[in-house]
2 protein chains.
Amino acid sequence: MDSTDVLVVGAGVIGLGIAWEAARTGRRVAVVDPAPGSGASFAAAGMLAAVSEYHYQEEELLGLMLASASAWPEFAAGVGGDCGYLRTPTLCVAGDAADRQAFADLRAVQGEHGLAVEPLSVREARRREPLLAPALAGAFEIAADHQVDPRRLVAALCGRLGEGAFVRSRAASLVWDGPAVVGVRLEDGRELRAAETVVANGLGARELRGLPVELPLRPVYGDILRLRVPGPLRPLVSATVRGLVRGRPVYIVPRADGTVVIGATQREDGSEGVSAGGVYELLRDAQALVPAVAELELCETTARARPGTPDNAPLLGRVRAAGDREHDGEAHVPGLIIATGFFRHGVLLTPGAAHVCAGLLEGRTDPRWDVFSPSRFGHRGIPALAGATAERPPAAEAAAANVRQAT
Amino acid sequence: MDSTDVLVVGAGVIGLGIAWEAARTGRRVAVVDPAPGSGASFAAAGMLAAVSEYHYQEEELLGLMLASASAWPEFAAGVGGDCGYLRTPTLCVAGDAADRQAFADLRAVQGEHGLAVEPLSVREARRREPLLAPALAGAFEIAADHQVDPRRLVAALCGRLGEGAFVRSRAASLVWDGPAVVGVRLEDGRELRAAETVVANGLGARELRGLPVELPLRPVYGDILRLRVPGPLRPLVSATVRGLVRGRPVYIVPRADGTVVIGATQREDGSEGVSAGGVYELLRDAQALVPAVAELELCETTARARPGTPDNAPLLGRVRAAGDREHDGEAHVPGLIIATGFFRHGVLLTPGAAHVCAGLLEGRTDPRWDVFSPSRFGHRGIPALAGATAERPPAAEAAAANVRQAT
């Protein structure tokens with residue numbers, strides 16, 4: 001039976017970042033994934049948009065996003081120069097007056113949090129980006145929001161970890177030894193043992209049996225386009241352009257290789273394929289911002305699901321030992337860390353999640369991130385374990401019995 | 001050195017149809033193509049639309065289209081039931097009053113040629129196709145226009161011919177022996193000899209050296225979409241729907257497997273990739289006809305070039321021995337048949353081209369098709385042979401010298 005120090009379930013950007021950070025501290029690391037980088041990371045545009053992705057009343061998330069954004073330069077340098085990290089600014093442009101007002105209202109709150117959003121005249125915006133449509137209603141610059149290429153990031157992290165770190169199989173269940181998680185069982189029946197198991201497989205965590213908490217993840221699908229800019233039109237834009245067009249968000253992310261990424265829809269329609277209506281709306285709205293989008297070559301249309309949570313915040317940290325007790329914050333399930341539910345922010349939060357998990361492996365916790373406790377939905381959660389008896393911990397078993405009696 | 005009876009250059013639907021028809025008469029056949037079925041045939045929707053594709057003043061082409069349409073049932077039966085031949089009717093729908101008038105004007109001319117186009121009320125059209133938009137301006141039914149699945153047709157014809165018939169290489173030049181074509185030289189230098197060589201490689205004929213005529217082919221690009229219809233929306237439409245939306249043509253072809261094909265743009269912009277603007281317009285216009293198109297899954301976007309000619313008619317037949325003499329219709333280059341330039345009509349004209357070529361192989365000609373002579377642009381054409389001296393026929397050599405003296 002194989003054994004290692006840290007076993008990471010899931011090889012998207014979050015799992016790979018955690019695995020690499022753990023490996024840097026000298027730990028032996030294994031990553032379990034049937035197809036590394038093929039989930040939400042494969043679709044992601046890679047905007048590092050702590051400022052422009054700020055949403056009202058998500059202050060704790062903002063803190064983690066800003067911490068992670070400030071960690072990105074060092075993280076990118078450590079991974080190497082091949083992950084497409086670019087410090088291009090972000091330009092927010094408004095299709096009409098209502099869109100401009102929405103940006104202005106958000107800017108007021110961003111300002112209260114010390115986030116720099118500079119208004120530009122449309123003339124100035126078009127001076128910087130000559131292919132912007134003349135009829136835009138307003139523009140703002142966010143110098144702090146940058147980008148990375150998630151596919152190159154995945155490839156770079158996989159290269160850093162080395163092929164020997166990967167187990168190309170699906171984790172079926174956690175393996176328990178008394179009150180502790182001691183590894184995973186693969187779908188082919190093999191067991192992998194580890195001192196610490198990190199569940200970082202995004203929406204895949206819903207199918208992982210033996211979890212001691214409910215992880216209320218839901219798929220939020222997105223369609224995203226990749227397009228080639230013909231030589232005479234390069235660069236289509238030099239900054240990342242985030243627009244609102246009649247209230248609908250659309251963004252255009254320029255890559256160094258002359259392509260652009262246009263995204264992204266948010267759908268909760270359960271449809272895994274690329275939405276024809278979504279592609280239509282992206283092309284329509286992107287053309288409203290930059291008419292020359294019509295002249296591009298459409299190279300790829302991709303749809304993937306992001307792991308959404310009820311409060312749009314990640315499920316990140318250790319799990320309280322008794323899932324049904326609200327304020328017993330000290331005792332945790334040994335050997336288990338959760339890192340999923342990063343929704344729209346997985347790429348931005350990759351260094352942040354890696355640093356948080358590295359701290360947990362060292363026995364350190366940061367009270368700022370307690371709010372992301374994966375146990376916060378746990379009191380609803382025990383019935384979700386039905387059918388996983390073989391992998392269920394004794395405490396959860398008892399708690400589940402209590403819930404069954406109570407309902 | 002290999003030798004065969006009939007050597008067909010090009011394994012699109014036209015070349016494969018000709019090869020199969022030749023093989024059925026007991027001839028040994030070889031087909032030269034580096035990637036069978038990967039050109040225009042790969043993109044084609046497969047509408048057998050002799051009536052709805054009728055264009056003003058293309059009477060001779062109409063004759064060939066109608067002859068080929070009437071040959072399709074027997075041809076499909078011979079190929080086998082796996083080429084997706086369906087006798088679903090075609091419904092023409094008009095987005096607005098001007099589009100309706102365009103259909104009505106064309107219908108008057110179609111009627112003069114005995115082509116049956118039946119007007120329907122929008123109510124009646126929507127009774128037959130409930131997912132049609134309510135706001136359409138008019139509808140017409142064309143019972144005679146059917147469909148085939150070109151990819152399945154290619155697969156079926158390849159299967160009929162057998163793997164042994166294929167030479168997966170590119171033909172670089174014709175090989176001449178005195179005044180006759182005796183085969184081709186491949187790009188790897190091998191020679192294939194044949195009693196008859198049929199040039200049926202679409203736009204690829206432009207790169208084939210040693211041709212005794214100019215073939216004024218130009219690429220007319222098209223973007224085409226393939227979409228999956230979710231179960232609750234099936235069938236999206238039961239008839240092929242051809243629309244005009246603000247003067248722009250768009251069609252929706254339903255397949256038996258629950259997918260639909262939406263096409264097709266016509267671009268002469270030289271861009272081989274899928275046009276973002278083209279995809280946008282197809283989705284926009286298709287939604288104007290059938291709003292539920294927004295709910296479909298976009299599975300594939302494809303662009304290919306069709307081989308266009310100056311008069312929109314194919315280049316089909318034997319080549320006059322002296323390309324610069326207009327009315328010397330009797331003497332032909334022995335061993336050479338041309339079959340290219342089928343533009344938008346390659347699938348419809350597959351049986352027609354096969355029958356014409358089968359006749360030529362037997363020494364029969366049909367005066368109705370003289371108008372498609374591949375020599376009809378030849379008097380302009382000799383300079384196009386520059387650089388092909390090694391493969392140039394002696395007569396053409398002399399003619400080229402004459403042209404050079406004259407200019």
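Chain letters run A, B, ... following the sequence lines, proteins first, then strands; residues in each count from 1.
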For chain B, which candidate among Gly277(A), Ala276(A), Gly273(A) shows the most heavy-atom pairs at distances under 4.5 Å?
Ala276(A)
Once side-chain contact (heavy atoms from CB on, under 4.5 Å) is applied, do any residues pair with Ala286(A), and if so which ones, sequence neighbours excluded?
Val250(A), Ile252(A), Ile262(A), Val293(A)
Distance-only donor-acceptor screen, chain A against chain B, under 3.5 angstrom:
residue: Val274(A); atom: O; partner: Leu298(B); partner atom: N; Å: 2.7
residue: Ala276(A); atom: N; partner: Leu296(B); partner atom: O; Å: 2.9
residue: Gly277(A); atom: N; partner: Ala294(B); partner atom: O; Å: 3.0
residue: Ala294(A); atom: O; partner: Gly277(B); partner atom: N; Å: 3.0
residue: Leu296(A); atom: O; partner: Ala276(B); partner atom: N; Å: 2.9
residue: Leu298(A); atom: N; partner: Val274(B); partner atom: O; Å: 2.7

Going by the rule side-chain contact (heavy atoms from CB on, under 4.5 Å), which residues pair with Pro130(A) if we only count those two or more places apart in sequence or in a different chain?
none
Distance-minimising heavy-atom pair for Gly341(B) and Leu217(B)
CA-CD2, 3.6 Å
Those residues at least two apart in sequence (or on a different chain) that pass ring-ring contact (aromatic ring centres under 6.0 Å, His included) with Phe42(B) are none
Write down the atom of Leu244(A), the atom of Ala102(A), and the distance for their closest heavy-atom approach.
CD1-CB, 3.8 Å
Closest heavy-atom pair and its distance - Leu296(A), Pro230(A):
CD2-CD, 3.7 Å
Report yes if the side chains of Leu86(B) and Val148(B) come closer than 4.5 Å at any heavy-atom pair, otherwise no.
no
Comparing Val279(B), Leu225(B), Leu227(B), Leu282(B) against chain A, the one with the most heavy-atom pairs below 4.5 Å turns out to be Val279(B)
